[in-house]
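Here, residue 1 is the first one in the sequence, and each next residue gets the next number.
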Amino acid sequence: MEALCGVLGAPPVPQGSWEREARFVSTAALRRTAGPAAHPPAEPAAEPAAEPATEPPTEPAAEAAERLAVRLRATPGVRRVDVRPNGFLVVEIATPGEIVDELLAAPAAMPSPRAASAPDSVAPWPDFPRTWDNPGFAVRYAYVRAGAVQRWARDLGVPAGVTAGAAVRPELLDGPFDRAVLRVLAELPSRRDSRDPGWAAYLERLAEVYHAAVERASPIPRGDEPPTEVHAARVRMGEAVRRVLGEGLAELGVAPPGKI
């Protein structure tokens, strides 16, 4: 993501389910152009409107897109770049699991001034009932659960027994449930950049896919199963989920729970 932003000037938005291809879409080529091509029909629905040009237009959208595509194709980790007729860029990355490393390597985000002054009463969900019918419970429980998974994994020797002296391999996060989590995590940069991040709905989706991943693609060994590198990669992904949930809760004026 950092490399893509360096070329595009703004975070691209994930496209599709990522079950097979991990794709982003960007309107970066439209930000320096004018005329009809600079205002195509919006696609996809999740793509934010292009920012107003901050400097005079210098080239048509198609030419700007092709120029950016050349730079993107030379960027490590980019598998494919397509240029749409309307100037949209579609970028496929080779290893979506690298998003976890970037999220965890970056400094923890500080709450925005608005969030820092927001009272806890503005929380979008009630604390009770603590059932799956309450999205707020699902979000808070996902935060607590991700922390518990890290403790259980340490007790079972996943980090120490499998990854001592070696980095966790992001390419192992390739199953459908892992990719579903990565797809939602990949939205974070563009949401941070948006005037309306939609934190509540975003956290609900992230909690939903994380709970499904823990249940269907366990990050910890079960029964007599030995710890593997896949478990280590999933534990690390859960660490990223917990950090993002904590950031979003803070933005909403909700204190991340210590336990439930």
Backbone N/O of [Y] and side chain of [X]: donor-acceptor pair under 3.5 Å:
X	Y	answer
Arg191	Trp199	no
Thr95	Gly97	no
Glu63	Pro60	no
Arg234	Asp178	no

- prompt: Between Leu206 and Tyr143, is a side-chain contact (heavy atoms from CB on, under 4.5 Å) present by the stated rule, with each step listed?
  reply: CA-CA 10 Å; Leu206 180 57; Tyr143 178 86; over 6 Å; no
Evaluate the side-chain proximity of [Y] to [X]: yes if any heavy-atom separation is below 4.5 Å, no if none is.
X	Y	result
Pro14	Leu182	no
Asp127	Arg140	yes
Val168	Val100	no
Arg130	Tyr141	no
Val13	Ser190	yes
Val241	Val184	no
Leu188	Tyr202	yes
Val83	Leu89	yes

- prompt: Are Val91 and Val70 connected in the hydrophobic side-chain network, where two residues link if heavy atoms are under 4.5 Å apart?
  reply: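 Val91 and Val70: separate clusters.
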Over all atoms of both residues, closest heavy-atom pair of Asp133 and Pro135: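 In this case the closest contact between Asp133 and Pro135 is O-CD, 3.4 Å.
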- prompt: Nearest heavy-atom pair of His231 and Ser218: which atoms, and what distance?
  reply: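 Closest approach of His231 to Ser218: CD2-O, 3.4 Å.
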field: Residues which pass side-chain hydrogen bond (donor to acceptor under 3.5 Å, both in side chains) with Arg179, listed by chain and number, not counting sequence neighbours
entry: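 Per chain and number, Arg179 pairs via side-chain hydrogen bond (donor to acceptor under 3.5 Å, both in side chains) with Asp174.
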Gap separating the CZ atom of Arg242 from the CE atom of Met237, nearest 0.5 angstrom: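 It comes to 15.5 Å.
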- prompt: Looking at CH2 of Trp125 and CG of Asn134, how far apart are the two atoms once the value is rounded to the nearest 0.5 Å?
  reply: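 The distance works out to 9.0 Å.
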- request: With sequence neighbours excluded, tell me which residues meet salt bridge (charged side-chain N to carboxylate O under 4.0 Å, His left out) with Arg73.
  value: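 Listed in chain order: nothing, the list is empty.
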query: Above 12 or not: heavy atoms from other molecules or residues under 6.0 Å from CD of Glu2?
result: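 No, the 6.0 Å shell around CD holds no more than 12 heavy atoms from other groups.
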query: So with a 6.0 Å cut-off around CD of Glu225, is the heavy-atom count from everything else above 12?
result: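 More than 12 heavy atoms, drawn from other residues, nucleotides or ligands, come within 6.0 Å of this atom.
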query: Thinking salt bridges, do Arg192 and Glu247 make one under a 4.0 Å N-O criterion?
result: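 Counted as a salt bridge, because a side-chain N and a carboxylate O are separated by less than 4.0 Å.
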message: Before you tell me yes or no, could you show the steps for Arg236 and Leu104 under side-chain contact (heavy atoms from CB on, under 4.5 Å), namely the whole-Å CA-CA distance, both residues' side-chain angles and the distance that decides it to 0.1 Å?
response: CA-CA 9 Å; Arg236 186 167 172 79; Leu104 293 177; 3.6 Å; yes
- request: Begin from the C-alpha positions of Glu215 and Arg145 and carry the test salt bridge (Lys or Arg N to Asp or Glu O under 4.0 Å) through to its verdict.
  value: CA-CA 11 Å; Glu215 296 293 335; Arg145 190 177 202 180; 2.3 Å; yes
Partner residues of Ala213 under the side chain to side chain contact (heavy atoms under 4.5 Å, CB included) criterion, sequence neighbours left out: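 Checked Ala213 against side chain to side chain contact (heavy atoms under 4.5 Å, CB included); matches are Phe177, Val181.
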